Amino acid sequence: MPNVINLTRQLLEQNTYTQESLELANVINQLALAAKLVSREVTKAGLVDILGATGETNCQQEKVQKLDVFANQTFVELLKQSPYVKAVGSEEVKKIIKFNEFYHEKSKYIVHLDPLDGSSNIDVNVSVGTNFVIFKKQSPGQKLGKKDYLQPGRNAVCAGYVVYGSSTMLVYSSGQGVHGFTLDPSIGEFLLSHENMSLPQASTIYSINESYAPKWQKKFRQHVADYKKDKNSKGKVRTARYIGSLVADFHRNLLKGGVFLYPADKKHPQGKLRLLYEGIPFAYLIEQAGGAASDGQQAVLDIEPEELHQRIPLFIGNKEDVEAIEKVLQ
Ligand code: FDP
């Protein structure tokens, strides 16, 4: 019998079965269960009438896809059922969602998530995902204040993502390395498939939407142009890969080594990607895997969030790439 390790076992063993780890494991298990339900819907998306836009827009004026709605409802509802979750911030919902304070008197965790990242790719069968980060409430008592749900990434206790791709994978870190689990659909379990993931030393890929080049700052445009001739630490020129689904671009770069870039530009003066549920989860993971993430000025994990849906420029991947970009932009 092979040494099969499922998510719950690994979570508990890593944290030596402390009360704290049991509580966190409960929250992550709820996230994993929601991910299985979403995965099931994503894989049959072409078969049922769930594809396509609902015709509505979310609080950020983006088209809402039916699967967005399903993923949001599923994650929020399952997190609400955990006695340890106090509140959820979702890309799909304008305000922080606070759970019933009586039922949740033991609750101390705040979860921020993007229930379906890359959702404009749903209709074309490209990998999408769910990104999440978990914080612990800072203030005493039951009341939830802004300081509790607007915390810098350095305070996070866990972060991760699920990618619904050719297989469904859950990748997470609770501060002790990055671990990847692949969903075995025949038994409905996430099984440890990628233990202690670390970023390859050489950066082989750059990922950016180059059609925006005319809108970039000149020095940044030159920097990206140089990727086409500059060599990486192994003496090779990087290749370009851009899916347009952050979770899938990140996952590939984590496995292969590379940098993902989404700068501020004339159309997105603050950047496009959201700090709390896109920047911080991936920044937390990349630092754990030996890489770096920056908004061009400082580490993403050091940014003090000011609002729930705050946007940032994002440069994330191998350290030398991120440091080089900071030099160009500072
Ligand atoms: P999407 O608009 O499909 O939700 O979350 C924003 C995001 O996807 C990221 O997943 C993706 O990396 C990025 O936007 C793509 O933006 P562009 O289309 O502007 O390149």
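Along the sequence shown, the residues carry numbers beginning at 1. For ligands, and for the atoms within them, numbers begin at 1 and follow the listed sequence. Values in this document were obtained by computation on a predicted structure and should not be read as measured data.
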Quiz item: Which is it for Leu254 and Leu285 under the side-chain contact (heavy atoms from CB on, under 4.5 Å) test, yes or no, and what are the steps along the way?
Solution: CA-CA 9 Å; Leu254 175 63; Leu285 291 165; 5.8 Å; no
Quiz item: Is the shortest distance from a heavy atom of Asp117 to ligand 1 less than 4.0 Å?
Solution: yes
Quiz prompt | Nitrogen or oxygen of Tyr262 less than 3.5 angstrom from that of ligand 1 | solution = yes
Quiz item: Does any N/O atom on Val247 come nearer than 3.5 Å to any N/O atom on ligand 1?
Solution: no
Quiz item: Do Thr204 side-chain atoms and Gly257 backbone N/O form a donor-acceptor pair below 3.5 Å?
Solution: yes
Practice problem: Using a strict cut-off of less than 4.0 Å between a Lys/Arg side-chain nitrogen and an Asp/Glu carboxylate oxygen, indicate whether Arg154 and Glu287 qualify as a salt bridge. | Solution: yes
Quiz item: Can you check whether Tyr242 has an N/O within less than 3.5 Å of an N/O in ligand 1?
Solution: yes
Quiz item: What atoms in ligand 1 come closer than 4.0 Å to a heavy atom of Arg274?
Solution: 5 (O), 6 (C)
Quiz item: Does atom NZ of Lys228 have more than 12 heavy-atom neighbours from other groups under 6.0 Å away?
Solution: yes
Self-check item: Which segment of Asp249 sits under 4.0 Å of ligand 1 when only heavy atoms are counted
Solution: neither
Quiz prompt | Numbered atoms of ligand 1 (with element) below 4.0 Å of Leu246, judged on heavy atoms | solution = 9 (C), 10 (O), 11 (C), 12 (O)
Quiz item: Heavy atom of His268 under 4.0 Å from ligand 1?
Solution: no
Quiz item: Which word best sums up how the rings of Tyr161 and Phe282 line up, parallel for under 30°, tilted for 30 to 60°, or perpendicular for over 60°?
Solution: tilted
Quiz item: Are Lys136 and Glu23 close enough, and set up right, to give a salt bridge (charged side-chain N to carboxylate O under 4.0 Å, His left out), and what steps lead you there?
Solution: CA-CA 11 Å; Lys136 217 190 281 177; Glu23 296 173 4; over 6 Å; no
Quiz item: Is ligand 1 less than 4.0 angstrom away from at least one heavy atom of Leu273?
Solution: yes
Quiz item: Which of parallel (below 30°), tilted (30 to 60°) and perpendicular (above 60°) describes His268 and Tyr212?
Solution: perpendicular
Self-check item: Working for side-chain contact (heavy atoms from CB on, under 4.5 Å), residues Asn318 and Val259
Solution: CA-CA 6 Å; Asn318 286 64; Val259 63; 5.9 Å; no
Quiz item: Relative to the heavy atoms of Ser119, which atoms of ligand 1 are at a distance of less than 4.0 Å?
Solution: 3 (O), 4 (O)
Quiz item: With backbone taken as N, CA, C and O and side chain as the heavy atoms from C-beta onward, which portion of Ser120 lies under 4.0 Å from ligand 1: side chain, backbone, both, or neither?
Solution: both
Exercise. For the residue pair Gln10 and Tyr172, confirm or rule out a side-chain donor-acceptor distance under 3.5 Å.
Key: yes
Quiz item: Against heavy atoms of Glu278, which atoms of ligand 1 measure under 4.0 Å?
Solution: 5 (O), 6 (C)
Quiz item: With backbone taken as N, CA, C and O and side chain as the heavy atoms from C-beta onward, which portion of Asn209 lies under 4.0 Å from ligand 1: side chain, backbone, both, or neither?
Solution: side chain
